[in-house]
Each structure stands twice: as C-alpha cells, then as structure tokens.
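Both counts, for ligands and for their atoms, begin at 1 and track the order of listing. Everything numeric in this text was worked out from a predicted model, so none of it was measured.
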Amino acid sequence: MTDGNSCVFCKIAKKEIQSDILYEDAELAAFRDVNPKAPVHVLVVPKKHLSDHYALEEKDARWVGNAHLLVNRLAKDLEIEDGFRVVINCGEKAGQTVPHFHIHLMGGRDFHWPPG
Ligand code: 5GP
Ligand code: ZN
C-alpha cells in the first residue's frame, strides 16, 4: 500500500516530480499522462492522497463532482468535446497501476466497447 509520501501522483501534485500540468486548484490537479494511450490523455487527481475509487467517502462528494465538471471543461479546452472516454480503474484487477485515485480523460481517436 502506497502512502502519500512515496506516491507518484502526490509528488506530481506537490511539484516534486515534473509533469505537464493543465489545471490546478486547492483540491485538484490535471496533467498529461506520461505514456498517453490516445492523442489527448489527461489525468485528473485530488491533491490529497486517496488510494482508489472504493476509498471514496461521503466527505469526498464535492471534489469528486468538481473533478467530473473539470473533465468536461478540459474536454472543451482540448477540443474533444464531441467524443471522449472517461475511465477510472479501481484495483489491480481492473488495471490500476498507480494507487492514487485518478480519472483518465482520453480523446482524439475512436474508442471501442467493451474495453479490454
Ligand atoms: P492506471 O493504470 O493506474 O489507471 O493509470 C495510471 C496512469 O498513470 C498510466 O496511464 C500511466 O501512464 C500514468 N503515469 C504513471 N506514472 C506517471 C508519471 O510519473 N507522470 C505522468 N504524467 N503519468 C504517469
Ligand atoms: Zn498519492
């Protein structure tokens, strides 16, 4: 289990690791994925450490909602609002590799369903 001190996304939020940050406020940060799986691939994260979607609590509801509104604003700014994929992998079985809650925003290509 990763805590905030050794967590790569905590370090990105604290600017201890360089990334291409597109947006930040007191609670959220959005930055480009270092290994993009689509022409546009952005990650939206809370600045506080939270392991995954299943760790969400009632008190997180406001920033989670704001994170989804931010996804829409980024989709517009990045000109993919006509079609984009929003993904949250929860747990290793679902493909989560970084244990800090994050929303993937992907666009700029066609996507297929069901995902792998
Ligand atoms: P997951 O597989 O956990 O849902 O997604 C983790 C994502 O984080 C992957 O798409 C991976 O490319 C991205 N990632 C991992 N390490 C870094 C990093 O140091 N910087 C950035 N910008 N993205 C990262
Ligand atoms: Zn973290």
Side-chain angles (χ1 to χ4, degrees):
M1 177 131 188
T2 309
D3 64 19
N5 291 327
S6 56
C7 170
V8 62
F9 287 175
C10 283
K11 288 182 176 173
I12 285 175
K14 286 187 266 183
K15 315 249 177 66
E16 293 171 9
I17 293 178
Q18 192 278 331
S19 73
D20 188 359
I21 294 181
L22 302 181
Y23 174 88
E24 67 174 321
D25 61 27
E27 291 183 313
L28 300 172
F31 52 89
R32 289 188 194 271
D33 195 294
V34 76
N35 182 17
K37 283 81 178 176
V40 173
H41 189 169
V42 175
L43 303 172
V44 174
V45 307
K47 285 191 169 177
K48 74 161 187 174
H49 185 76
L50 184 84
S51 59
D52 60 28
H53 192 281
Y54 198 64
L56 288 169
E57 298 176 31
E58 189 80 32
K59 63 180 164 57
D60 297 309
R62 190 177 47 82
W63 70 254
V64 171
N66 287 338
H68 281 280
L69 294 172
L70 174 58
V71 163
N72 282 353
R73 288 204 303 277
L74 290 166
K76 173 97 175 142
D77 291 349
L78 297 166
E79 300 180 326
I80 56 168
E81 71 273 23
D82 61 331
F84 55 87
R85 179 71 56 94
V86 178
V87 173
I88 300 172
N89 296 320
C90 182
E92 282 179 30
K93 278 177 83 171
Q96 185 178 3
T97 58
V98 177
H100 178 127
F101 178 98
H102 51 282
I103 302 173
H104 296 260
L105 166 62
M106 290 180 282
R109 66 169 171 86
D110 291 340
F111 293 89
H112 304 286
W113 193 261

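With rounding to the nearest 0.5 Å, the separation of NE2 in H41 from CZ in F31 is 9.5 Å. Between atom CG of residue L43 and atom CG of residue D33 there is a gap of 4.5 Å, rounded to the nearest 0.5 Å.
Of all the heavy atoms of L43, the ones lying under 4.0 Å from any atom of ligand 1 belong exclusively to the side chain.
Of the protein's non-hydrogen atoms, D33 OD2, 2.5 Å is the one closest to atom 10 (O) of ligand 1. Scanning all protein heavy atoms for the shortest distance to atom 20 (N) of ligand 1 gives I12 CD1, 3.5 Å. In terms of protein heavy atoms, atom 22 (N) of ligand 1 is closest to R32 O, 2.9 Å. Nearest protein heavy-atom contact of atom 3 (O) of ligand 1 is T97 N, 2.7 Å. In this structure, atom 8 (O) of ligand 1 lies nearest to the protein heavy atom F9 CZ, 3.4 Å.
Residue pairs meeting the side chain to side chain donor-acceptor pair (under 3.5 Å) criterion with at least one partner in residues 56-65, sequence neighbours excluded, are E27-R62, K48-D60, D60-W63.
The option with the heavy atom closest to atom 4 (O) of ligand 1, from among H104, Q96, H41, is H104.
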For residues 108-115, tabulate all N or O donor-acceptor pairs below 3.5 Å that involve a side-chain atom, not counting sequence neighbours.
unit_1: R109; atom_1: NE; unit_2: K37; atom_2: O; d: 3.0
unit_1: R109; atom_1: NH2; unit_2: K37; atom_2: O; d: 2.9

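Taking only nitrogen or oxygen atoms, main chain and side chain alike, V34 reaches within less than 3.5 Å of ligand 1. Distances between N or O atoms of G95 and those of ligand 1 include at least one value under 3.5 Å. At least one N or O atom of V98 sits closer than 3.5 Å to an N or O atom of ligand 1.
The distance between the ring centers of H104 and H102 falls below 6.0 angstrom.
When side chains are defined from C-beta on, N72 counts as touching F84, because their heavy atoms get closer than 4.5 Å.
Judged by distance alone, the side chain of K47 and the main-chain N or O of D25 form a donor-acceptor pair under 3.5 Å.
The ND1 atom of H100 and the SG atom of C10 meet at the Zn ion (ligand 2) at an angle of about 110°, given to 10°.
The Zn ion (ligand 2) is closest to atom ND1 of H49 (considering only N, O or S atoms).
Near V8, meaning under 4.0 Å from one of its heavy atoms, ligand 1 places the atoms 19 (O). Residue H102 has at least one heavy-atom neighbour below 4.0 Å for each of these atoms of ligand 1: 1 (P), 3 (O), 4 (O), 5 (O), 6 (C).
Heavy atoms from other residues, nucleotides or ligands lying under 6.0 Å from CD of E16 number more than 12.
By the 4.0 Å N-to-carboxylate-O rule, K15 lies close enough to E24 to be salt-bridged with it.
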